[in-house]
Amino acid sequence: MTDTWEVRPSGPLSGDVEVAGSKNAVTKHMVAALLADTPSTINNVPDVGDVTITASILRSLGVGVERSGKAVTIDPSGPLDREVSVEYTGLNRISILLLGPLVHRSGEAFVPMPGGDKIGRRPIDFHVDALTAFGATVEETEKGVIARASRLRGARIDLPYPSVMATEAVLITASLAEGRTVLTGAATEPEVLELALFLQRMGAQIQRQPGRRFVIDGVSTMHGASTTLAGDRLEAFSYLVAGLISGGQVRVKGCPQASLTIALTTLQSMGADLQITDEYVAARQTLPLQSVAIHTDTHPGFATDWQSPLLVLMTQAEGMSVLHETVFEDRVKYPADVIDAMGGEIEMFNTCLGGPNCRFADRNAKHSVVVKGISKLVGAEVEIPDVRAGFSGVIAASVADGMSRISGVRHLERGYDNPFDRLSGLGLDLARM
Ligand code: EPU
């Protein structure tokens, strides 16, 4: 399928979008299912590239993966290979989570270097240190990571930063490790808690304690379970912005309000008129949008993944807006480049603007931006770098003057459920080249 879209601005985008389960939850559930000795079923699975990649990795190991509509069943009961092929190098980040389950099963595992979005430096030191604490010998080679242990044992692990996937790796690995694991400094994103609940359904003994603390008492066997994923809060926000910026209104269904709280409040503080019901959330412009100062943070702060669409929205808000990215040191560069290419007035700074100093204060990393609105955006040829900056490029193109050609849409399709059909359905003039 072609990797380039032509986008022509076509006025307000309006309509309903029902978001399915979140991309950042489903793939972790698929890996967790390997801990069981019977099949698990995950419902409300989104139709995104990351699920296809993860299914392919699991099948290559000998895991049964069946997809039927929005349900995916994972059958880990047969014999499994212990090595993920290097042909999966860089395709997504999920392979790193397989180390724990595969070592539990076979005493040894190899996974190729994880990839994922181009959002700057993405080290795996927390994963390596955690596995080492569980008693594994871990070797990093140019090709990937090898871990070995005859038995993984519970450990005390204090994460230096509340990393989402490192937390998930610890929860998954600790579930079958011998004895007690105490995890502090853990991430508490909704997708992490969803995974913890799934592990509990599978028989894991997990307690979440006040603060960023989990206590996991390892069990000797786990069984398959069934779960229905909550709607994707990152996708939901992207569609809210797509409607709002174009002067239309997208009613987003299927996403819990609780996982969008600060995102909705931010839109409200920019002057958006919100509608929140049991059935949907929606945001529309009744007055001109106003500038805002935001810093991204771990949950329950403003998520780093909401930053890209917000930056595009800032270009259409009156006055100077500030965004300080505190989760990934290079991430603002990607949407900023897209906005810059479309003529938006955006400038990057290596200081911590508009908030307290963050971990990147002394790193010379350009991680704050000032956006001057209202910027007239013009259609451009843009190569999209990652999932979120990609969707944001399309949002920007929807309000730009003239046609844009957006290439690299495979990144977008890796994380958004049928974006071409959904955006077309909302009224955007899109064509595949
Ligand atoms: N970090 C380390 N060492 C590690 C792991 C992380 O220094 O071993 C640092 C990172 O460099 C970063 C910070 O910790 O500065 C937080 O990264 P985190 O580990 O939380 O990110 P992740 O787990 O790799 C997931 C999502 C991202 C989302 C982040 C933050 C998945 C597959 N990805 O990544 O989602 O932005 O958490 O919430 O769950 C996206 O959906 O577009 C996306 C990139």
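When a ligand or atom number is given, it counts from 1 through the structure's own listing order. If you're wondering where the values come from, they're calculated on a predicted model, not measured in any experiment.
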Step by step, work out the side chain to side chain contact (heavy atoms under 4.5 Å, CB included) result for Ser226 and Asn43.
-> CA-CA 8 Å; Ser226 168; Asn43 299 298; 3.6 Å; yes

For Tyr161, the ligand 1 atoms with a heavy-atom partner under 4.0 Å come out as 13 (C), 14 (O), 16 (C)

A student checking ligand 1 against Arg359 at a 4.0 Å heavy-atom cut-off should list atoms 15 (O)

Classify the contact between Lys28 and ligand 1 as side chain, backbone, both or neither, using a heavy-atom distance cut-off of under 4.0 Å.
-> side chain

Side chain, backbone, both or neither: which part of Glu191 comes within less than 4.0 Å of ligand 1 when only heavy atoms are counted?
-> neither

Could you tell me whether Arg93 approaches ligand 1 through its side chain, its backbone, both or neither, with non-hydrogen atoms closer than 4.0 Å?
-> side chain

Is the NZ or CZ atom of Arg432 both under 6.0 Å from the centre of the six-membered ring of Phe420 and within 45° of that ring's axis?
-> yes

Thr304 and ligand 1 - part of the residue with a heavy-atom distance under 4.0 Å | side chain

Under 3.5 Å, is there a donor-acceptor pair between the side chain of Thr167 and the main chain of Ala187?
-> yes

Atoms in ligand 1 with a heavy atom of Lys23 nearer than 4.0 Å | 40 (C), 41 (O)

Please determine which of Gln307, His367, His295 meets the side-chain hydrogen bond (donor to acceptor under 3.5 Å, both in side chains) test together with Glu325.
-> Gln307

Number the atoms of ligand 1 from 1 as they appear, then name those within less than 4.0 Å of a heavy atom of Val327, with their elements.
-> 12 (C), 13 (C), 15 (O), 16 (C)

Proximal ligand 1 atoms for His127, defined as those under 4.0 Å from one of its heavy atoms | 8 (O)

Taking 4.0 angstrom as the limit, do Glu191 and Arg233 come out as a salt bridge?
-> yes

Just which atoms of ligand 1 are under 4.0 Å from any heavy atom in Ile124?
-> 8 (O)

Determine whether the side chain, the backbone, both or neither of Glu235 has a heavy atom under 4.0 Å from any heavy atom of ligand 1.
-> neither

Using heavy atoms and a threshold below 4.0 Å, how should the contact between Met165 and ligand 1 be classified: side chain, backbone, both, or neither?
-> both

Ranking Val128, Asp305, Thr298, Val164 by closest non-hydrogen atom to atom 18 (P) of ligand 1, top hit is Val164

Could you walk me through whether Ser14 and Gln249 pass the side chain to side chain donor-acceptor pair (under 3.5 Å) check?
-> CA-CA 5 Å; Ser14 294; Gln249 178 175 256; over 6 Å; no

Any Pro123 heavy atom less than 4.0 Å to ligand 1 = yes

